[in-house]
Protein chains: 2
Amino acid sequence: MSTVFEEIKVEKVSDKISEQIVKLIVDGKLNPGDKLPGERQLIDVLGVGRSSLREALNRLETLGYIEIRKRKGNYVKSIDATLQLDPLKGLIQADLRKIVQLYELRRDLEQASAYNAALKRTTEDLKRIKETLIAFRRQSGAARFSWSADQDFHLAIAQASQNFLRVHVISNIFEFSEEFLAPVIEEVANQRDNQSIIAQQHEAIYQAIADQNAELAGKRMDEHLCWTNERLIELIDKNQGI
Amino acid sequence: MSTVFEEIKVEKVSDKISEQIVKLIVDGKLNPGDKLPGERQLIDVLGVGRSSLREALNRLETLGYIEIRKRKGNYVKSIDATLQLDPLKGLIQADLRKIVQLYELRRDLEQASAYNAALKRTTEDLKRIKETLIAFRRQSGAARFSWSADQDFHLAIAQASQNFLRVHVISNIFEFSEEFLAPVIEEVANQRDNQSIIAQQHEAIYQAIADQNAELAGKRMDEHLCWTNERLIELIDKNQGI
DNA sequence: CGATACTATCTGGTCAGACCAAGCGACAAT
DNA sequence: ATTGTCGCTTGGTCTGACCAGATAGTATCG
């Protein structure tokens, strides 16, 4: 029975309007830089109320299709800017210090990651982790901090924990935080000591995983990330003050 | 010269409104699933016109922060960004047993959630958790398992852990897994004992959080979810065989 | 007493009309 | 040629009104 009837969808007026305008842009009837007719003119042509029209225009603006210039008019935008609507990004932008919460989350996951890796790692996993360790040491000789080598280590452990979701989520966190921290993270390289401290911590974690000592692996990972987070907070506070 | 003068920016009323609401979400004053006051009520509180308010709400919806349900109200959405789960839907559909990995992830987070809640909970947080406990007991009297009351308990703890991201991510996992498990979860209700066992486990967790015993809270949460996961695996294996 | 039916009210969606301040162009005064 | 003024246009905002569906409390009927 349930397959016989279709749900009746009520489409908002503003949806139809924005669909139509997007179609015009896609079809090339409206080109970047073109000025749309004034709002009062459009509501006549479209036969809708101004609030619906404005709702549509507003959505188109936040989606990046048009640009609303107060007291000047509405213009079609060139869609060169990759329209990214990552809600999380907006949230963190609202308060950079919130990124600490993201890193707290990371600690939750990575602590478990190391714990489970110690229990479930294969010898291949272990070998892969070892390789990332060597790569990190090698690259830390260079002037700048090698973020990607650091990430490789953590991701290798996540893989060893035999949970593809964990890898996925942790990798997401890396990707996400990179663009926020890229401007400040370079400072880490200035304090050259940090590099070797991190390397030592990594090696200690590796050792615990190799020994299949889950408790210790988890504990060391937690301490490692606590230490990292503290450095991070220092950095942010310093740059925030400017 | 150009550096001496700053451009005067005119901020739209709707911008201020949406900023404020985003801030409320970031600060955890508004949590996933919360219902916003009605539009007519909000314009009184904020002292703005309805068009500006609606403009703000509309933007927040297209950005993914809230969900506008016609004739029902406006609700805060959980943020999907960290855990971009949608692409994974296909993977889990292909092999329902993969959901075990999702629940392992949940355990990572919730163990930390309980741990931190025990450390950081306010007395208000504690009161809120207690209420979910009572609601669960009351609803478990009914024939069917009250999934939402169960979720409320776990989310209340996440809130008490003072990390808004944790709330969102856990809420996301619930949302995501609900659609997979809805068909099988009802069976839990058949074994009436489970209901009271879960209630007891919840109460034990609550007690540890009330006592601010972080280690114990984390441990009990972990055990609780281990137990749950085992029941889950049984269910899946049984239904998979058909 | 219990199930059904109704009604008052609340919700978001839409429309219409009004006013504001700033941009802009035409035109006059200097 | 520069400056000042006036009026029109533009998007931004507010108010008030109505609609239709959802909802909950009340009244009615069996």
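Quick note on labels: first sequence line is chain A, next is B, and so on, each numbered from 1.
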Q. Any salt bridge between B:Glu19 and B:Lys23, counting N to O under 4.0 Å?
A.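 Here B:Glu19 does not pair with B:Lys23 in a salt bridge, since their nearest N and O are not under 4.0 Å apart.
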Q) Side chains of B:Arg59 and B:Asp15: closer than 4.5 Å at any heavy-atom pair? A)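 Yes, close enough: below the 4.5 Å cut-off.
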Q: Could I get the full list of side-chain contact (heavy atoms from CB on, under 4.5 Å) partners for B:Arg106, not counting sequence neighbours?
A: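 Here the qualifying residues are B:Tyr103, B:Glu110, B:His154, B:Ile173, B:Phe174, B:Leu225.
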Q: To the nearest Å, give me how far apart OH (B:Tyr75) and C1' (D:dA22) are.
A: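 It is 11 Å, rounded to the nearest whole Å.
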Q: Apply side-chain hydrogen bond (donor to acceptor under 3.5 Å, both in side chains) to B:Arg107 and list each qualifying residue two or more places apart in sequence or on a separate chain.
A: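 B:Asp222.
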All N/O contacts under 3.5 Å from nucleotides 10-14 of chain D to the protein, with atom names and distances to one decimal?
from: D:dG11; atom 1: OP1; to: A:Asn74; atom 2: ND2; distance (Å): 3.3
from: D:dG11; atom 1: OP2; to: A:Glu39; atom 2: N; distance (Å): 3.1
from: D:dG11; atom 1: O4'; to: A:Arg71; atom 2: N; distance (Å): 3.1
from: D:dG11; atom 1: N7; to: A:Arg40; atom 2: NH1; distance (Å): 2.9
from: D:dG11; atom 1: N7; to: A:Arg40; atom 2: NH2; distance (Å): 3.4
from: D:dG11; atom 1: O6; to: A:Arg40; atom 2: NH2; distance (Å): 2.9
from: D:dG12; atom 1: OP2; to: A:Arg54; atom 2: NH1; distance (Å): 2.8
from: D:dG12; atom 1: OP2; to: A:Arg54; atom 2: NH2; distance (Å): 3.2
from: D:dG12; atom 1: N7; to: A:Arg50; atom 2: NH2; distance (Å): 3.0
from: D:dG12; atom 1: O6; to: A:Arg40; atom 2: NH2; distance (Å): 3.4
from: D:dG12; atom 1: O6; to: A:Arg50; atom 2: NH1; distance (Å): 3.1
from: D:dT13; atom 1: OP1; to: B:Val13; atom 2: N; distance (Å): 2.4
from: D:dT13; atom 1: O4; to: A:Arg50; atom 2: NH1; distance (Å): 3.3
from: D:dC14; atom 1: OP2; to: B:Gly49; atom 2: N; distance (Å): 2.8
from: D:dC14; atom 1: OP2; to: B:Ser52; atom 2: OG; distance (Å): 2.6
from: D:dC14; atom 1: O5'; to: B:Gly49; atom 2: N; distance (Å): 3.4

Q: Output, in order, the C-alpha distance, side-chain angles, deciding distance and verdict of salt bridge (charged side-chain N to carboxylate O under 4.0 Å, His left out) for A:Asp44 and A:Arg40.
A: CA-CA 7 Å; A:Asp44 278 344; A:Arg40 290 155 181 85; over 6 Å; no
